[in-house]
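Note sheet for the following structure.
The sequence lines fix the lettering, A, B, ..., with proteins before strands; numbering per chain opens at 1. Every heavy atom of this structure was used, including side-chain atoms; hydrogens, water molecules and symmetry mates were not.
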There are 2 protein chains.
Amino acid sequence: MTENSENSARRPTIYDLAQIAGASPSAVSSILNGTWRKRRISAATAERVTRIATEQGYAVNLQASLLRRERSHIIGMIVPKYDNRYFGAIAERFEAMARARGLFPVITCTQRDPDLEFEAAREMVSYQAETLVITGATDPDRIADFCAAAGVRTINLDLPGSKAPSVVSDNFGGARDLTRLILSRLRDDFGEAAPLWFIGGRPHDHNTVERLRGFRAAHVEAGLPAPEAKVIMPGYSPDKAAEALAGQDLPPRFGIFVNSTITMEGVVRWLGDNLAMDRVRLGCFDWDPFAALLPQNVGMAEQDVPAMLQQVFDAIAGGTDQPTRIDVPCILHPLPARDS
Amino acid sequence: MTENSENSARRPTIYDLAQIAGASPSAVSSILNGTWRKRRISAATAERVTRIATEQGYAVNLQASLLRRERSHIIGMIVPKYDNRYFGAIAERFEAMARARGLFPVITCTQRDPDLEFEAAREMVSYQAETLVITGATDPDRIADFCAAAGVRTINLDLPGSKAPSVVSDNFGGARDLTRLILSRLRDDFGEAAPLWFIGGRPHDHNTVERLRGFRAAHVEAGLPAPEAKVIMPGYSPDKAAEALAGQDLPPRFGIFVNSTITMEGVVRWLGDNLAMDRVRLGCFDWDPFAALLPQNVGMAEQDVPAMLQQVFDAIAGGTDQPTRIDVPCILHPLPARDS
DNA sequence: CATGTGTGCTCAATCGATGTAGCAAGATTG
DNA sequence: CAATCTTGCTACATCGATTGAGCACACATG
C-alpha cells in the first residue's frame, strides 16, 4: 500500500515531504491543511505534494498542529459506564453529533469513581478540550469549578449541577406517567390497584428524588396512600435489590416501580427464582430491548438520548454558561401482555 | 476553589508559574512532571511551585508535552458500537486495563462503517498513538498496513486479520458447546432432538463461518443431519431476523441457534408476537443479562472479554508483531427453566 | 524605463514542555 | 589556600505545524 517501507521507521514530517517535493515546509503545511489557495500555491505544486504525502503515508502530527492553532475543536465527555444501553447510546450518539459539527470528540469512562471523574476532567483540560460534557457525575460542581478556572466550558448531562447548564430527563414526569401505567395495569390484570413498591437508587441522588416525587404524585391522583414503607433505596446494584426484596413481606399480587435497568436485573432475577410470574407487574425507568420482552414488565420510561444531546449541542452553540436547567421528556413505552 | 478568577481567562503555563514563583520554566517543568529530584531541585522550591500550580489551577498542556517527549504512551482502540453489552464491556475494560498500565487510552466508535474505520485509524496515528487495537473491523488489514507504514503497532480483536496478531473468541468451540446444550434441552423438554435453525450473521464474516462450523460439528456428533436449509444469514439486524423467521415453515416444536444478541432482539420479539413460548427453545451466542431471563432461552455463550483483553495486553507487552492468532474460550451459561 | 500589480513561493517566529549542558556559590579535601 | 565536589539552579535548542511578513520574478501600464 504505502511505500515507506525501506526508509526509516520514523513517521514522515512536513520537512521530509518538503525535501522530497523540493518545496518549503510552509508550502507543504498549507497544502495539506487546505489553506494553499489563499496562500497562492500553484495547483501543480499542491497536486505533487499531495501525491507524495499519500505515497509516504503521511499523517499530520496533531500534537504539533494543536499546539500552534488557536482552537483545538476538541470536545470531551466523561461518562460513568459504557456497559448499559443508556450510557452506551449517549456515548455513541455524542461522538456522531460532535463529528457532524466538525469537532473532535474524546470520551472517557470514570466507573462512578469521584476521584477518577476529577482526574478525567483534568486530563480533558490537558488535552485542550474547549468544552466538557459531564455525564452522570457524582460531584459535577467540583469539576465545573476546575474547568471554569482553566477556561473550559462545561455542560452537565443526566445529573444536574449548579455551576453550568444542565440537561436532564424529566424524571418527575416520566416517573409519574410510568407509575400511572403500572397502576392501571394492576387494575386491568388484578382487578384493583394497590400502592407500589419503589426499588433502587439512592435517597440523595437528584434523579431518584425527582422520580420518587412523580411516583408519589401518581399515587395521590389515584387516591392511594403514599407507600413510604415500600420505598427501598439501596443503590442501583442488582444484588442489593434482590436482597431487599427477599426481606419484604410480599402480598399475593403486587406491583413494583424499578428505578433503573441495572436494578431491574436483580429484581427480575429474584422474582424469577422465587415467585410465580403472575403475582407481579412491574415497570422500569430506562429502556432495554430485552427487558422490554420480560413477561412481568408492563412498561418502560425511555430517556430520550437524541433529544438530550440535541439540547447539549444547542446549549454549546448558544453560548450561555448560566446554570440553567433543561428537562427533556421521557418516552413512555407501554408493553403488551406476553403469553405465559 | 481555584483562585485564578481575577486574572486572564487564558490557561496558565509553566512560564506564568515560573514568574510567580521566581524560578525558571525548566525548574517548574521538572517539578511538575516529577523529575525534580534527579535534577537536584530543593524540596522547598518544589513545594512552593507545587502550591502555586494548584492555586492557579494549572494543568499541563499535553499537546506541548507529547510533542517534545520521546513516547506518547497513547494506546488507541476503534470499536464498531458502544451500545451493546459486548462492545460496551470491551471499551470499558480496555480503558481500565490501559490506565492500570500507565497508558492513555483513546477510544473511538466507527458505526461499522469501513471508511469511518479508516479515518479513525488515521486520527489515532495523528494523535501519536503507539499501538492501535482494531476491534471488529470490516477490513483490518487495510488499517494494519497504514499503521505499519506509520510505525504504529496494531492488534486485531474480535475479528482476525492477516497482518497483525489477532485475539478472537473460540467461535467454533463456543458454538459447538452451545449447540450441544440446545440439542440436549430439546431432548429433555420435547423428548427428541431435531436439527436446529441457525439465524443471524453474514456468510463471509469470519466469526459466523466458525460458529457455523461448530454448529455443524455438534449436529454430526449427535447423529443429526446438517440442516443446510435452516441456516439463515441475513446480517445481524433484528428486523431482518424477524422477517426471515416469518418466511419459514416452522414445525410444532423446534430449536434455534441465534448468532448474536442483536439478532436475538428480533427473534424473540417475533416469537413473542407470533408463537406460544413452549413451542421453541433457543440459545444465543453472546451474553446479555436480560436476554438470559427470557423463558425460551436455554443457554448463552459469553465471550470472555477480560480474558481476551488480557491476551491483547500480553501481546503488546510481549512485543511480537507476527500475525499469530489466539482463540479465547467462551463461557457457556446453561440457563434454568423459568416458570411460565 | 520607472512604477505598479499579481503570482508563487520562502523565512522565521511561535505555541508550551522537556532535557542536556553548563554556571555560580558554597562545602570539603589535600 | 587552591583544587575538587556538591548543590541548586538557569539557558537554550528542540519537537512539528502554522502563519504573518516579505522576497523575487513576470508582466502590464503610462
Among C/dT10, D/dA17, C/dA17, which nucleotide sits nearest the side chain of B/V60?
C/dA17
On the ring face of B/Y58, is B/R11 found with NZ or CZ under 6.0 Å from the centre and within 45° of the axis?
no
Residue pair A/T45 / A/S42, side-chain donor-acceptor N/O under 3.5 Å:
yes
State whether the number of non-hydrogen atoms from other residues, nucleotides or ligands found under 6.0 Å of B/R325 atom CZ is greater than 12.
yes
Donor-acceptor side-chain pairing of B/S126 and B/R122 below 3.5 angstrom:
no
Dump the pairs, protein N or O against N or O of nucleotides 3-5 of chain C, anything under 3.5 Å, distances to one decimal.
none

Please write out the pairs of protein N or O atoms and N or O atoms of nucleotides 20-23 of chain D separated by less than 3.5 Å, giving the distance to one decimal.
| from | atom 1 | to | atom 2 | distance (Å) |
| --- | --- | --- | --- | --- |
| D/dG20 | N7 | A/R39 | NH1 | 3.4 |
| D/dG20 | O6 | A/R39 | NH2 | 2.6 |

Under 3.5 Å, N/O pairs linking protein and nucleotides 25-28 of chain C:
none

Could I get a table of every N or O pair under 3.5 Å where one atom is in the protein and the other is in nucleotides 13-15 of chain D?
| from | atom 1 | to | atom 2 | distance (Å) |
| --- | --- | --- | --- | --- |
| D/dT14 | O2 | B/R68 | NE | 3.0 |
| D/dT14 | O2 | B/R68 | NH1 | 3.2 |

Once side chain to side chain donor-acceptor pair (under 3.5 Å) is applied, do any residues pair with B/S166, and if so which ones, sequence neighbours excluded?
B/N156
Could you tell me which residues satisfy side chain to side chain donor-acceptor pair (under 3.5 Å) with B/D113, sequence neighbours excluded, listed by chain and number?
none
Please classify the nucleic acid contact of B/S29 as base, sugar-phosphate, or nothing, using heavy-atom distances under 4.0 Å.
base
What's the closest nucleotide to the side chain of B/S42 if the choices are C/dG19, D/dA17, D/dG8?
D/dG8
Is there a side-chain hydrogen bond (donor to acceptor under 3.5 Å, both in side chains) between A/T108 and B/R99? Walk through the geometry before answering.
CA-CA 11 Å; A/T108 199; B/R99 280 184 203 285; 2.5 Å; yes
Let me know, please, whether B/A46 or A/Y58 comes out on the 5' side of the other along DNA chain D by nearest nucleotide.
B/A46
Take A/Y82 and A/F87, measure what ring pair (Phe, Tyr, Trp, His ring centres under 6.0 Å) needs, and give me the verdict at the end.
CA-CA 6 Å; A/Y82 290 128; A/F87 290 121; 9.5 Å; no
Does the B/R153 side chain pair with the main chain of B/I316, one donor and one acceptor, at a distance under 3.5 Å?
yes
So what does A/T45 touch, heavy atoms closer than 4.0 Å: a base, only the sugar-phosphate, or nothing?
sugar-phosphate
